[in-house]
Engineer: 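Next up is a structure, given as structure tokens.
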Amino acid sequence: MNIIKTDVLIIGAGGAGLRAAIAIAELDPSIQVALISKVYPMRSHTVAAEGGAAGVAREDDSFENHFNDTVTGGDWMSDQDAVEFFVHEAPKELTQMEHWGCPWSRKPDGHIAVRPFGGMKVERTWYAADKTGFHMLHTLFQTSLKFPSIQRFDEYYSTDLIVVDGCCRGATAIEMRSGQMHTFSARAVIIATGGAGRIFPFTTNGAIKTGDGMAMAYRAGVALKDMEFIQYHPTGLPGTGILITEGSRGEGGLLVNKDGYRYLQDYDLGPPDPSPRNKAMELGPRDRLSQAFWHEQKKGRTIKTPHGDVVHLDLRHLGEKKINERLPMVRELATAYVGVDPVYEPIPVRPVIHYTMGGIDTDINAATSIDGLFAAGECACVSINGANRLGSNSLTEILVFGARAGQSAVQILAADSPQVDEAAIHEQANAAKARIADLFLASGGGETVSGLRREMNDTMESGAGIYRTDASLRESSAVIKDIRRRFADIELQDKSNVYNTDLIQVLELGAMIDVAQALIISALERKESRGSHQRLDFTERDDKSYLRHSLASFVKGGDPEISYRDVTITRSQPGERVYGGGEQK
Amino acid sequence: MSRRPYIRPVSKVSWWLSQPRYIRYMAREASCIFIGAYSGVLVVGLIRLSQGAAAWGAFLETLQSPVSIAFHLFALAFALYHTTTWFNVTPKAMPLQFGQTPVPGGAIIGAHYLGWILVSGLILFLVGV
Amino acid sequence: MSNRIVELEILRYNPETDEEPKFQTFSVPCAEDWVVLDAINYIKDELDRTLSYRWSCHMAVCGSCGMMINGEPMLSCKSFLRDLPDRIRVEPLTNFPIERDLVVVMDDFMDKLDSVKPFLIPREEKTVDEGEFLQTPAQLSKFKQYTLCINCTLCYAACPQYAHNEGFVGPAALALAHRYNLDSRDVGRSARADVVASNAGIWECSFVGACSEVCPHGVDPAAAIQQTKIASSVDYFRDMLIPGRRS
Ligand SMILES: Cc1cc2nc3c(=O)[nH]c(=O)nc-3n(C[C@H](O)[C@H](O)[C@H](O)COP(=O)(O)OP(=O)(O)OC[C@H]3O[C@@H](n4cnc5c(N)ncnc54)[C@H](O)[C@@H]3O)c2cc1C
Ligand code: FES
């Protein structure tokens, strides 16, 4: 088998992976970086992020504010040492992006502009119109071209990590255009493979967000942390799940039910100021807004459409000029995909799966429990997002912890001996290769990827959606187990080597099943309601038993084992999450 | 077992017939042939003028033939087409911006037409029409 | 689902079994609000799992899903069936080698993108602690349009110059170079000129304008190229007339 030797292997070339690669190249140009991605870097899903990236920028703001908003927003599940580090690094990283050319929107005096975002006390969201992720990703990608030490392997699908004597030594990957399996031998590996929204049927996440990296780390022995916390974004377009950014509410958009009533005031989010004050009404946190929708729906106050119930997001009062300047993409998307021009009509929206707060368990240095293995970005759980991520924190997170992962990798290279046990690497690579070869040979099972994927999607939505119960989760757990069993009966229809997307989809489904199962069992075991994890049978937050991270460890052929670790609390003791008029300004 | 990228043939001769926008482009480019030919006629006229009154008279005579008139109408049509197509793309090649507001394309195109009319008027004035 | 049946004629090519590409027709029951990509996904999921194509975001921003749809380069996730007839011909983007089915080889484009030095070459060095470079909204709006390219390569598929001369740097890459050249923070124009102002660069363009017509985000690469031509001609004459300007 073809062996590619490098110093640091980065799996994933989205915002986090690119940032890590650049950090390493800047620190030491003699370190070889292999950057692999299953799509061309600029296709990574960071490209879809619209609203902005949070970092303290204004005189009247402070690190403490950003810290408090993040910790409260996360319902005290965030590790406070990580949040502390994060809020201090945030403005530096965003300024660094500016130095690399990111076209941030500006104030008339030429300084960068910030906009309000949900759950943030002071305006601190840096934005590039409403294509922030797009501009960040392209800026990072283009900047990465400066560095000859970064060698890219585009359209390589990574399948397995190679772990020798408790040390991560590389990974295997399929070169999609030839079907060839390559072994990457490295002294440090960074996983930056993004989220796993695709385990649900209705999501803002692109087709590539299948949790591959989470599953790779999980199977290799790293726990998945806080997987039960998955974020519904309150405003997705019905049918496609395309996101209408929170920036639209930051600019003054209003949410109304079928009677034209701003229903959020009924859910402790008022008062209904004509243009909402920060952290109130439409600028409340996402979990609360999505839950409010669910209750409105139960009360029959939502609007029926062929693609499910919706409420209306009204931007008309902003006027054409402001919409064109600040929210051009929202206008483009709504006009194209639901035939509604927000200048003249309200946009139909409903909650949609958006972000995985949980992920690969890492410490504040992006290190995992396996030596030499790091993770950053949406695939990782540091954790700054706790039980509910605040909008615009994750674009900053991919920069802060992407860079951090790069720095940590460089540090261990210095400490680590360059000796590697090549025989052991070969052996594991061959095992990975054999697993793929088996897939080609399997026949007669009759199961298809699309069929199983649909069943998995459906059970995730019905059992592990906005509100969960013991019964719903048990049911989903049983369905997933059944799907896992039948997964072995999948028969590849496509047996060719070149660009075999049937094969890739089977591998992605395998990853999603693992991640889905970890999510369900973690949710089943968390018998409380906190942030985005809401149980109808345990409606209160229970700090005594559950102010702890859940850690799901892989068990071959069975349910994951769940253990717990205390949340790191430095200065903010758990309190009540108060939004709206209850918050002292 | 492996890669064999397929390259589709492209016709060197008829490619421009495959798309209306390529045909429009070729028409724009082809229009310069008539403009070139018309310049040729003007040059011949100059030579004739230098050869004396008789030659010049004969030249004027030829200009009045139906073939010549048809040619001139054609050349005029293509010249107009050539001019408008190029005027219409000027906002792309020479965008203007005042502060944050870009000057609308229509204004830039309009300015070109205005310039054209003024220059034509000036020439007509100079030759004493 | 509605009962509109759309016939998709898809150009198929499997390098391991086919001598050359050929069309295969699928009948797809389609919903009113579908885009072509939805119909193709239906084929993949329900009719033929061997069909290969690229896609991810389904919101016209990742740039993966460009295809020829009835002869026109388009993003399949933004091509609504309601605007198309009941018979739709889908082919891989023209002017690129076909890897397999609707997947084309992107190497040449990636190399060209790289060749124009598409990154900020700053006017002054500044540390992060010194804060951001100032840039007024007016300065930003000068180049903003050219930052919107999603690298979908529809413009390369539309460009007859690229079809006949694959050395041509091409619309998207030249527009991106222009984006940085226009940026008030950048001084890289002369560093980019070797490629941009070469014979394979802007001067290869005869201003067909097809690139701008097919661009899904209104980037207008043709405009970028013409502007670069003017700027680079001005440079040339200045260099000639002012002695010692070019060292
Ligand atoms: C529609 C939308 C809007 C958003 N808006 C905002 C916002 O306004 N503000 C904000 O802060 N956050 C926002 N987010 C969240 C934020 O964009 C993401 O969390 C973040 O971009 C994730 O970046 P990443 O680098 O971790 O992953 P990604 O950008 O998803 O990149 C993952 C990379 O991993 C690669 N990869 C995956 N699996 C494999 C494999 N098996 N082998 C090889 N490579 C692999 C992929 O090819 C890709 O390159 C939004 C998210 C969505 C979906
Ligand atoms: S799927 Fe991303 S652009 Fe079409």
Side-chain angles (χ1 to χ4, degrees), chain A residues 39-40 42-45 47-48 92-93 95-96 98-101 103-112 128-129 131 134-135 138-139 142-143 145-146 154 177 206-208 239-243 329 332-333 336-339 448-450 453-454 492-494 496-502 505, chain C residues 14-17 31-33 35 41 44-46 48-64 78 80 99-101 103 105-106 110 113-114 117-120 122 126 128-137 139-140 143-144 147-151 176 180 183 185-186:
Chain A
V39 293
Y40 282 93
M42 61 280 185
R43 318 290 187 221
S44 303
H45 208 60
V47 81
K92 292 188 215 160
E93 281 294 329
T95 306
Q96 179 62 73
E98 196 279 332
H99 287 191
W100 286 331
W104 296 118
S105 293
R106 305 279 178 157
K107 294 192 291 196
D109 67 1
H111 286 283
I112 61 97
K131 295 189 177 176
F134 164 82
H135 286 301
H138 281 252
T139 302
Q142 289 159 13
T143 303
L145 299 174
K146 276 203 294 207
D154 297 334
R177 58 160 68 180
I208 56 174
T240 53
I242 291 172
L243 179 79
M329 177 134 146
E332 229 175 277
L333 291 172
Y337 291 94
V338 287
T448 64
V449 189
S450 34
R453 192 174 50 209
R454 193 169 311 126
L492 277 186
Q493 259 187 36
D494 189 344
S496 51
N497 297 296
V498 174
Y499 222 93
N500 184 338
T501 45
D502 192 22
Q505 289 191 359
Chain C
N14 182 340
E16 291 164 82
T17 55
E32 212 30 58
D33 52 0
V35 290
N41 279 338
K44 175 98 182 155
D45 285 348
E46 310 296 334
D48 187 348
R49 292 215 44 83
T50 66
L51 182 64
S52 284
Y53 53 100
R54 295 186 175 109
W55 74 286
S56 174
C57 71
H58 199 292
M59 56 190 280
V61 66
C62 77
S64 313
K78 212 188 171 185
F80 288 88
E99 187 79 73
R100 166 165 185 193
D101 294 342
V103 176
V105 181
M106 293 271 295
M110 296 302 284
L113 210 56
D114 196 2
K117 301 195 169 69
F119 37 77
L120 196 81
K126 207 173 182 184
V128 162
D129 293 328
E130 291 169 284
E132 76 267 43
F133 296 117
L134 296 188
Q135 181 164 66
T136 63
Q139 288 172 321
L140 172 65
F143 68 91
K144 185 80 206 227
T147 64
L148 297 179
C149 170
I150 62 171
N151 299 168
L176 189 59
Y180 282 103
D183 192 319
R185 300 166 290 182
D186 182 274

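Chain A is the first sequence line, chain B the second, and so forth, proteins listed ahead of strands; every chain is numbered from 1. Computed over heavy atoms, backbone and side chain alike; hydrogens, waters and symmetry mates excluded.
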Engineer: Roughly how far, to the nearest 0.5 Å, is CG of A/N497 from CD of C/E16?
Structural biologist: 4.5 Å

Engineer: Does the side chain of A/K131 pick up a donor-acceptor pair with the side chain of C/T147 at under 3.5 Å?
Structural biologist: no

Engineer: My understanding is that only one of C/Q135, C/R185, C/K126 makes a side chain to side chain donor-acceptor pair (under 3.5 Å) with A/E98; could you say which?
Structural biologist: C/R185

Engineer: Give, as side chain, backbone, both or neither, the part of A/T240 having an atom under 4.5 angstrom from any heavy atom of chain C.
Structural biologist: side chain

Engineer: Using a 3.5 Å distance criterion without hydrogens, assess whether the side chain of C/R100 forms a donor-acceptor pair with backbone atoms of A/V498.
Structural biologist: yes

Engineer: Would you check, one step at a time, whether the test side chain to side chain contact (heavy atoms under 4.5 Å, CB included) holds for C/V103 with A/R177?
Structural biologist: CA-CA 9 Å; C/V103 176; A/R177 58 160 68 180; over 6 Å; no

Engineer: Checking heavy atoms, do the side chain of C/D33, its backbone, both or neither come under 4.5 Å from chain A?
Structural biologist: side chain

Engineer: Identify the two heavy atoms, one from A/F134 and one from C/V61, that lie closest to each other, and give their separation to 0.1 Å.
Structural biologist: CD1-CG2, 4.0 Å

Engineer: Roughly how far, to the nearest 0.5 Å, is the CZ atom of A/R43 from the OG atom of C/S64?
Structural biologist: 5.0 Å

Engineer: Given side chains that start at C-beta, do those of A/Q493 and C/D48 come closer than 4.5 Å, heavy atoms only?
Structural biologist: yes

Engineer: Let's test your reading of the structure: which of A/I112, A/V47, A/D502 forms the most heavy-atom pairs below 4.5 Å with chain C?
Structural biologist: A/D502

Engineer: Could you check A/R106 against C/Q139 for side chain to side chain donor-acceptor pair (under 3.5 Å), going step by step and ending with a plain yes or no?
Structural biologist: CA-CA 10 Å; A/R106 305 279 178 157; C/Q139 288 172 321; over 6 Å; no

Engineer: Name the option with the most non-hydrogen atom pairs under 4.5 Å to chain C; the candidates are A/A48, A/S44, A/G206, A/S450.
Structural biologist: A/S450

Engineer: Given A/H135 and C/K144, is the side chain to side chain contact (heavy atoms under 4.5 Å, CB included) satisfied, shown in steps?
Structural biologist: CA-CA 11 Å; A/H135 286 301; C/K144 185 80 206 227; 3.8 Å; yes

Engineer: Find the one option among A/N500, A/V449, A/D109 whose heavy-atom pairs under 4.5 Å with chain C are most numerous.
Structural biologist: A/V449

Engineer: Can you tell which part of A/Y499 gets under 4.5 Å to a heavy atom of chain C, answering side chain, backbone, both or neither?
Structural biologist: both

Engineer: Determine, for C/E132 against A/K107, whether the closest basic-nitrogen to carboxylate-oxygen distance falls under 4.0 angstrom.
Structural biologist: no

Engineer: What residue, out of C/L113, C/T136, C/V128, has the most heavy-atom pairs lying under 4.5 Å from chain A?
Structural biologist: C/V128

Engineer: Please classify the contact of C/F143 with chain A as side chain, backbone, both or neither, using a heavy-atom distance under 4.5 Å.
Structural biologist: side chain

Engineer: Heavy-atom pairs under 4.5 Å with chain C: which of A/Q96, A/E93, A/H99 has the most?
Structural biologist: A/H99

Engineer: Kindly indicate whether the side chain of C/K44, heavy atoms from C-beta on, has any atom under 4.5 Å from the side chain of A/T501.
Structural biologist: yes

Engineer: Which region of C/I150, side chain (C-beta onward) or backbone (N, CA, C, O), has a non-hydrogen atom less than 4.5 Å from a non-hydrogen atom of chain A, or is it both or neither?
Structural biologist: both

Engineer: Would you mind telling me which of A/I208, A/T448, A/L243 has the largest number of heavy-atom pairs within less than 4.5 Å of chain C?
Structural biologist: A/I208

Engineer: Quick one: what part of C/N14 sits under 4.5 Å from any heavy atom of chain A, side chain, backbone, both or neither?
Structural biologist: side chain

Engineer: As an exercise, state the distance from CG of C/D45 to CZ of A/R453, rounded to the nearest 0.5 Å.
Structural biologist: 5.0 Å

Engineer: So, taking the atom named CG in A/D154 and the one named CE in C/M110, what distance separates them when rounded to the nearest 0.5 Å?
Structural biologist: 5.0 Å

Engineer: With a 4.5 angstrom heavy-atom cut-off, could you sort out which part of A/H45 is near chain C: side chain, backbone, both or neither?
Structural biologist: side chain

Engineer: Check each atom of C/P15 against the heavy atoms of chain A and say whether the ones under 4.5 Å are side chain, backbone, both or neither.
Structural biologist: side chain

Engineer: So do A/L145 and C/P118 actually touch side chain to side chain, heavy atoms under 4.5 Å?
Structural biologist: yes

Engineer: Can you measure from OG1 (A/T143) to CG (C/L120) and round to the nearest 0.5 angstrom?
Structural biologist: 8.0 Å

Engineer: Any chance NZ of C/K117 has more than 12 other-residue heavy atoms, nucleotides or ligands included, within less than 6.0 Å?
Structural biologist: no

Engineer: Would A/L333 and C/M59 count as a side chain to side chain contact (heavy atoms under 4.5 Å, CB included) if you check the C-alpha gap in whole Å, the side-chain angles of each, and the deciding distance to 0.1 Å?
Structural biologist: CA-CA 7 Å; A/L333 291 172; C/M59 56 190 280; 4.0 Å; yes

Engineer: Please lay out, stage by stage, how C/R49 and A/Q505 fare under the test side chain to side chain contact (heavy atoms under 4.5 Å, CB included).
Structural biologist: CA-CA 10 Å; C/R49 292 215 44 83; A/Q505 289 191 359; 2.7 Å; yes

Engineer: If I measure from the heavy atoms of chain C, does A/Y337 come under 4.5 Å with its side chain, its backbone, both, or neither?
Structural biologist: both

Engineer: Count the heavy-atom pairs under 4.5 Å between each of C/G131, C/C62, C/P122 and chain A, then report the option with the highest count.
Structural biologist: C/C62

